[in-house]
Amino acid sequence: MDGSTGNLPDMIESESTSHGVHELTAASDPAMIAILRHRVADIARRSGATDGIVDDLELAASELATNVVQHTDADTIRMVLRCEPSEWVLVVDDAEGLLELDPDTVPDPTSLTGRGLFIVQAIMDDVRIVGEGPRRRVRCAKRIH
Amino acid sequence: MSDALSRLTITVQDSDVVVSGDIDAHTCPELTSALEPLPGTGDVRVDTSAVGFIDSSGLRALISAHQAAEAADRRLVIDQPSSAVVRLIEVSGLSGHLHVEKTG
C-alpha cells in the first residue's frame, strides 16, 4: 500500500496505485453512506468508467453500505474497489444482515423492506457472498465490456 | 469531487411536493416526514425531476406514501422522474405498481 489519505472526517482511504485498489473505511453511520458512494463514483469516473458503470457502482455501494448500517452491529463500513482488466469489483465487509442470494425472486411490490440486495443483483453482473460467519463479505462485479 | 454529504430539499404546497437532491438512508426521513401524513387533498404529486440519486431507502419512503394514498382513495404520483428514479423503479420491478407520469 502506498499510504493513506484522510479526505474527510471519519472516512479513511488508502490506495495502492500500483494495483488500482482503493480501500475505504468509514464509521457505520447513515451520514457516511453518501460520502462512501460519492468516493466510489469519483474513483470510477476518474478511471474512465462510463456513466452507466459509475451510476451502478454508486448505487451498489449505497445499498451495501446501508445494509451494514441498518442490519449489522459493525462499527465501520469497509469497502474495497478495484478495476480489473475486464470488470470493476466492489467488496463490502459484513454481509451478516443479508439473506442468501436469490436473484430470481422479485420482492413483493407491497413490501417496504428487502430490496437492497435484489437491486444490487439486478444492476451488477456477478454478486456473491464470500467468507464465513462474521467475516462474510459481499463481492460484486460490473463488466467493463 | 462531488458534494460529500447527501443533501435533500423538499418543498410542499398543498398536495404538490418538489424533491431535489439525494434520497438515501440519511435523508429519507425528511421525505417520509413530508409525505406522512399525506399533504393536501386529492392526488399527491411528487416532482422528482431534480433527484440526482435514490436508493432503496428512498424507494421505501415512496412506496409507503403510495400505500397510504391508496388506503385513502388517493394517488401518489411520481411526477417527471429523473433518470435515477426511472432506473431504480425499473430494476426494482415496480414499474407497473407505482403511478409514474413523465409530464412537462
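In what follows, chains are A, B, ... by sequence order, proteins preceding strands, each numbered from 1.
- Scored by the side chain to side chain contact (heavy atoms under 4.5 Å, CB included) test, B:Asp14 finds no partners at all (sequence neighbours excluded).
- Between atom CD1 of residue A:Ile33 and atom OG1 of residue B:Thr27 there is a gap of 9.5 Å, rounded to the nearest 0.5 Å.
- B:Val51 is not connected to A:Val54 by any chain of hydrophobic side-chain contacts under 4.5 Å among Ile, Leu, Val, Met, Phe, Trp and Tyr, and they are in different clusters.
- Looking at A:Glu58, the atoms closer than 4.5 Å to chain B (heavy atoms on both sides) sit in the backbone and in the side chain alike.
- In this structure, the portion of A:Arg37 lying under 4.5 Å from any heavy atom of chain B is its side chain and not its backbone.
- In this structure, the portion of B:Leu94 lying under 4.5 Å from any heavy atom of chain A is its side chain and not its backbone.
- Clustering ILVMFWY residues whenever any of their side-chain heavy atoms sit less than 4.5 angstrom apart, transitively, puts B:Val46 in a cluster other than the one holding B:Val18.
- Atom CD of A:Glu63 sits about 6.5 Å away from atom OG of B:Ser57, to the nearest 0.5 Å.
- Of the atoms belonging to B:Ile54, it is backbone heavy atoms, and not side-chain ones, that fall under 4.5 Å from chain A.
- One hydrophobic cluster, built from ILVMFWY side chains closer than 4.5 Å, cannot hold both B:Val86 and B:Val77; they sit in different ones.
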Pair A:Asp55-B:Arg87, side chain to side chain contact (heavy atoms under 4.5 Å, CB included): steps then yes or no: CA-CA 10 Å; A:Asp55 289 345; B:Arg87 170 88 163 133; over 6 Å; no
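- Rounded to the nearest 0.5 Å, atoms CG (A:Leu59) and OG (B:Ser56) are 8.0 Å apart.
- The salt bridge (charged side-chain N to carboxylate O under 4.0 Å, His left out) contacts involving residues 39-56 of chain B comprise B:Asp43-B:Arg75, B:Arg45-B:Asp79, B:Arg45-B:Glu101, where partners must be two or more places apart or lie in separate chains.
- The contact between A:Ile119 and chain B is made entirely by side chain atoms (from C-beta outward), counting heavy-atom distances below 4.5 Å.
- Among A:Ser62, A:Ala65, A:Pro107, A:Ala122, the residue making the largest number of heavy-atom pairs under 4.5 Å with chain B is A:Ser62.
- Distance check, rounded to the nearest 0.5 Å: CD1 of A:Ile35 to NE2 of B:His26 gives 9.0 Å.
- More than 12 heavy atoms of other shown residues, nucleotides or ligands fall within 6.0 angstrom of atom CG in A:Asp125.
- When each of B:Leu88, B:Leu98, B:Ile63 is checked for heavy-atom pairs under 4.5 Å with chain A, B:Ile63 comes out on top.
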